[in-house]
2 protein chains.
Amino acid sequence: MDNQGKQSKEQQILAAAEQEFLTKGYDGARTTSIAQAAGVTHAMLHYYFRTKEQLFERIVDEKFETISDSMFAIMGDPSLPIVERIKGGISAHFDFVAENPLLPRFVINEIISRPERYELLHKRIGDIIDNISNGLQSEIDHAAERGEMEKMDVKMLFISIMSLNIFTFLAYPFMKPLLGELMADRERFLAERKAENIETILRRIKKQ
Amino acid sequence: MDNQGKQSKEQQILAAAEQEFLTKGYDGARTTSIAQAAGVTHAMLHYYFRTKEQLFERIVDEKFETISDSMFAIMGDPSLPIVERIKGGISAHFDFVAENPLLPRFVINEIISRPERYELLHKRIGDIIDNISNGLQSEIDHAAERGEMEKMDVKMLFISIMSLNIFTFLAYPFMKPLLGELMADRERFLAERKAENIETILRRIKKQ
DNA sequence: TTCGAGTTTAACAAATATGTCTAACAAAAA
DNA sequence: TTTTTGTTAGACATATTTGTTAAACTCGAA
């Protein structure tokens, strides 16, 4: 109970901090507000994490890990035929973003406002991109030679997939009141968007 | 010189405020920093705009006007055949966002963090969407009946266009170091993205 | 039981940000 | 010239926010 309670306090602060930073950003977040949401005095927050900055770093590290995973999801299952593989990759990535709808905005904001911090992230993401560029690109090239799909730059393909999947969640609060009765239900709208994104990309890579 | 100088001070503050708010957001912006960038004392900022909030409102109003214009641009030239019209709409919208690359992030952030303020915007954008849904949708339906293009929900089409065009600029700081030598030149990358987005949407609406 | 490490609280300190006030100043009107 | 209106700078006030400190408490181990 004590050790679990100790872990728990720290975890409570982390959970409250995650929520606050993801919704309000670094500048909008308040350490007192985080402490209050976590049910501890604000001195406790400083006791465990020293400064707001260090607490933020903890959240950032955790979230960048998640981002790496999401990019990996786009790669799809290498044992499937290429078109099925891409289809599965889009679907998995869409689901990933649906599970973490606040994440893209957070990452975009933090990278734009503090570009200097992220050499590490760039290195890690860069490795993933290189994997993709090497492995998947040659597979696409071979499939294209066999006439199974259109020849295509894999980086461009990935940007398009991320655009379609991520923007849906970035702009959802903006679009929601404009969609009309048909789309008022979030689940239904997301299902239709997912299908639409898959359709759009599959047509893009279809040999014609 | 005097009257023009007076106008100029207010304009200087507005220009500095626009830059500060667009890059740092409301919470990150500092009135003293805005005043300094404008070359005036911070008392002047309060003299002209009373509060940070009111100064911010001025910028928001102006930027929402721009957003409305950008959505209108997607509609394209009604005198063109439908496929050409859509192609032109994508291109015009892409150029619009390229001219205002910081705007999407600003709007998304403000809407997420202060949803209550934007009934007015929603009404205005809602009218634009209705125009589109009525006018363009029926034109698309007719073209589809004539076999000129695929039958398609115009709202879904617009979301896809906005996704592809806007995300490019939202994520550019993130992607830039990952693109490799080929894309290192911003102008070249944007030209290729624009062509790719047009190709993607045209294939989506092409009758097959 | 007493010792001590780790935990917790409340009070305090310092910095920063927004906003106000007064007095000086400039330019145009009376 | 005097008055009036609007502009500007500097000092001041207030509130908020982050961060510190010292003392008290908890609980297991010696």
Side-chain angles (χ1 to χ4, degrees), chain A residues 1-63 106 109-110 113-114 116-117, chain B residues 1-63 106 109-110 113-114 116-117:
Chain A
M1 179 83 166
D2 35 306
N3 197 13
Q4 201 259 339
K6 165 194 152 194
Q7 286 284 5
S8 177
K9 285 245 156 149
E10 196 170 334
Q11 287 304 120
Q12 280 169 254
I13 295 171
L14 278 171
E18 176 178 327
Q19 173 68 15
E20 179 103 355
F21 283 131
L22 252 61
T23 53
K24 302 185 183 173
Y26 182 83
D27 291 318
R30 298 285 167 249
T31 54
T32 48
S33 164
I34 292 170
Q36 195 178 352
V40 303
T41 64
H42 90 273
M44 288 310 297
L45 182 149
H46 290 288
Y47 173 72
Y48 280 112
F49 300 99
R50 204 74 195 153
T51 65
K52 179 183 181 182
E53 184 75 22
Q54 281 182 48
L55 176 56
F56 185 69
E57 293 279 355
R58 282 285 293 271
I59 304 298
V60 165
D61 287 349
E62 183 190 315
K63 291 301 146 190
F106 177 75
N109 281 332
E110 288 316 314
S113 57
R114 313 193 177 199
E116 69 284 0
R117 193 196 318 220
Chain B
M1 178 81 166
D2 35 304
N3 196 16
Q4 200 259 341
K6 165 193 153 192
Q7 286 284 5
S8 177
K9 285 243 157 148
E10 197 170 333
Q11 287 305 121
Q12 281 169 255
I13 295 171
L14 278 171
E18 176 178 327
Q19 172 69 14
E20 179 103 355
F21 282 131
L22 252 61
T23 52
K24 302 184 184 174
Y26 181 83
D27 291 318
R30 298 285 167 247
T31 54
T32 47
S33 164
I34 292 170
Q36 196 179 349
V40 302
T41 64
H42 89 275
M44 289 308 298
L45 182 147
H46 288 288
Y47 174 73
Y48 280 112
F49 299 98
R50 205 70 197 154
T51 65
K52 179 184 182 181
E53 185 74 24
Q54 281 182 46
L55 176 57
F56 183 68
E57 292 280 353
R58 283 284 295 270
I59 304 298
V60 165
D61 288 349
E62 183 190 314
K63 290 302 146 191
F106 177 75
N109 281 331
E110 288 316 314
S113 57
R114 314 191 177 202
E116 70 284 1
R117 195 197 315 221

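In the text below, chain A, chain B and the rest are named by the order of the sequence lines, each starting its count at 1. Since the structure is predicted, the reported quantities are computational estimates derived from the model, not experimental observations. Hydrogens, waters and symmetry mates play no part in the numbers below; they use all other heavy atoms, side chains included.
Across all strands shown, A:Thr32 has heavy atoms under 4.0 Å from base atoms, whether or not it also approaches the sugar-phosphate. Contacts of B:Ala29 with the nucleic acid, taken as non-hydrogen atoms under 4.0 Å apart, involve only primed sugar atoms and P, OP1 or OP2.
Here C:dG19 presents its P atom at 12 Å from CZ of B:Arg30, a figure rounded to the nearest Å. Protein atom NZ of B:Lys52 is 18 Å distant from nucleotide atom P of D:dA15, rounded to whole Å. One interatomic measurement links the two molecules: NE2 of A:His42 to P of C:dA10, which rounds to 12 Å at whole-angstrom precision. B:Met44 has its CE atom 15 Å from the C1' atom of C:dA23, to the nearest Å. Put simply, CD1 on A:Ile13 is 11 Å from P on C:dT7, counting in whole angstrom units. Regarding A:Tyr48, its OH atom lies at a distance of 9 Å from the C1' atom of C:dT8, rounded to whole Å. Rounded to whole Å, the distance from CG on A:Leu45 to P on D:dT20 is 12 Å. One interatomic measurement links the two molecules: CZ of A:Arg50 to P of D:dT17, which rounds to 22 Å at whole-angstrom precision.
Distances shorter than 4.0 Å separate none of the side-chain N or O atoms of B:Lys9 from OP1 or OP2 on D:dT7. The side chain of B:Tyr47 contributes no N or O atom lying less than 4.0 Å from OP1 or OP2 of C:dT20. For the OP1/OP2 pair of C:dT18 and a distance below 4.0 Å, the side-chain nitrogens and oxygens of B:Thr31 include at least one atom meeting the criterion. Between A:Thr41 and C:dT9 there is a side-chain N or O to OP1 or OP2 distance below 4.0 Å.
Contact of the A:His46 side chain with the A:His42 side chain is registered, since non-hydrogen atoms from C-beta on lie closer than 4.5 Å.
Of all the residues in residues 19-28 of chain B, not one reaches under 4.0 Å from DNA chain C with any non-hydrogen atom.
A pairwise comparison of heavy atoms in A:Glu10 and A:Phe49 identifies CG-CZ, 3.6 Å as the closest pair. Closest non-hydrogen pair, A:Thr31 versus A:Leu45, comes out as O-CD1, 3.6 Å. Shortest non-hydrogen contact noted between A:Ala29 and A:Lys24 is N-CB, 3.9 Å. Closest non-hydrogen pair, B:Ala38 versus B:Gln12, comes out as O-NE2, 2.8 Å. Of all non-hydrogen atoms in B:Lys52 and B:Tyr26, the two that sit nearest each other are NZ-O, 2.9 Å.
In this structure, the ring of A:Phe21 has its center less than 6.0 angstrom from the ring center of A:Phe56.
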